[in-house]
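As structure tokens, the structure follows; a few thoughts come after it.
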Amino acid sequence: MKEQVTVSKPGLIETHLEAGGKTQSEVAGKAQPEIVGAIHAEVPAETPSVERFKLVERVQHLVLLTTFLGAAFTGMPLKYKTSWWAAPLMSTYGGVWIAGRIHRFFAATMLLLSVFHLGYLAYYMLVKRISPFKMPLFPTWNDVKQVGQNLAYFLGLRKERPAFTKFAYYEKFDYWAVFWGIVIIGGSGLVLWFPTLATRVLPGIAVNVALIMHSDEALLAVLAIFIWHFYNVHWNPDIFPMNWTMFTGRISLARLKEEHRGEYQQLVEDGVIRPLGGAAGHGHHDR
Ligand code: HEM
């Protein structure tokens, strides 16, 4: 799938890598002289890498991260108001009322971000004419197969990880959990924020239901982020302490080969990169 293979700035494909103790020049692309020029301009300082996330995507992630933490840290002491940590936390915000306003500020920003993200998707669909089914985060049958293959790999029944494309099934799961999570938490949050308005169309019990939905979805989201998502990007021993890709936008070829072999092979096939020498090892890589 070509859309998945994004090397938006081919001139920036760093091309020197350490292989077998020697620095080896890797020329990216079959006949792309501007890349070759960049190779020499960008001497070995960096690990060979390709772009994984565009700036507009990284900024969206940063806003999501900030607003999520802001909403979680102001919402949780309300949910667990009788816990020992809730009162001191509330006092640092200047009291429950102010915490509620801070919560609404982050919540509103998150909702604006969601609208922007929908616009971003619409741009790809309507202007760039890319079908949603062809977008790299769209779940496919291959993902289902790769769940099985990955389990087999974890159980030692398979030598290699599945050849994940741009996004592995667990990354797609992350994305869609947030997508529907925001629909639930945002929808119920708006009912809590504007109960009089909401009950003009909804029955009164909707406010109680919204509180349960909001509160429990918030707990689920916090647990999913701090356990599941943080395992994938921080706690995993191959990654600890931090995977920087979401901030730098780049992924090293070594990690691409190991974690997204399908995409790596596609880039090699398309002549965008030359294959890395030797097998990508396990363990730590420059990210
Ligand atoms: C996205 C839009 C969101 C909106 C519109 C929203 C709105 C609200 C409102 C109006 C309240 C009541 C606060 C008060 O009475 O002062 C509330 C409570 C709360 N919010 Fe949000 N919120 C949003 C997102 C989030 C997120 C992302 C989280 C955490 C991950 C979160 C966690 C909570 C919690 C834990 C409570 C307390 C619930 C309880 O008392 O059991 N909210 N929210």
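Whatever order the structure lists ligands and atoms in, that order sets their numbers, starting from 1.
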Worksheet item: What is the nearest protein non-hydrogen atom to atom 30 (C) of ligand 1, stated with its residue, atom name and distance?
Response: F68 CE1, 3.4 Å
Worksheet item: Do we see a donor-acceptor contact under 3.5 Å between the side chains of E258 and Y264?
Response: no
Discussion item. Please verify the inter-ring angle class for H61 with H229; under 30° counts as parallel, over 60° as perpendicular, anything in between as tilted.
Written reply: tilted
Practice prompt. Please write down residue, atom name and distance for the protein heavy atom closest to atom 16 (O) of ligand 1.
Written response: R104 NH1, 3.2 Å
Worksheet item: Do the ring planes of W176 and F179 sit parallel (below 30°), tilted (30 to 60°) or perpendicular (above 60°)?
Response: tilted
Worksheet item: Is the H234 to F230 ring centre distance short of 6.0 Å?
Response: yes
Worksheet item: Identify the closest protein heavy atom to atom 38 (C) of ligand 1: which residue and atom is it, and at what distance?
Response: S215 OG, 3.8 Å
Fill in: Heteroatoms of the protein, restricted to N/O/S, which lie under 2.8 Å from atom 21 (Fe) of ligand 1
H103 NE2, H214 NE2
Discussion item. Less than 3.5 Å apart, any donor N or O on the side chain of R158 or N150 sitting next to an acceptor on the other?
Written reply: no
Practice prompt. May I ask you to list the atoms of ligand 1 that are less than 4.0 angstrom from any heavy atom of M110?
Written response: 1 (C), 27 (C)
Item to complete: Using distance alone, with no hydrogens and no angle criterion, decide if T245 and R255 have a side-chain donor and acceptor under 3.5 Å apart.
Response: yes
Worksheet item: Got a sec, which pairs hit salt bridge (Lys or Arg N to Asp or Glu O under 4.0 Å) with one end in residues 141-156, sequence neighbours left out?
Response: D143-K172
Worksheet entry | Close-contact set for ligand 1 against G186 heavy atoms, below 4.0 Å | 1 (C), 2 (C)
Discussion item. Is there a side-chain contact between K166 and R52 in this structure, where contact means two heavy atoms from C-beta onward sitting under 4.5 Å apart?
Written reply: yes
Discussion item. Tell me whether K81 reaches ligand 1 (any heavy atom closer than 4.0 angstrom to a ligand atom).
Written reply: no
Item to complete: Check each atom of ligand 1 against the heavy atoms of G100 and keep those under 4.0 Å away; list them by number with element.
Response: 16 (O)
Discussion item. Please confirm whether the ring centroid of F173 lies under 6.0 Å from the ring centroid of Y169.
Written reply: no
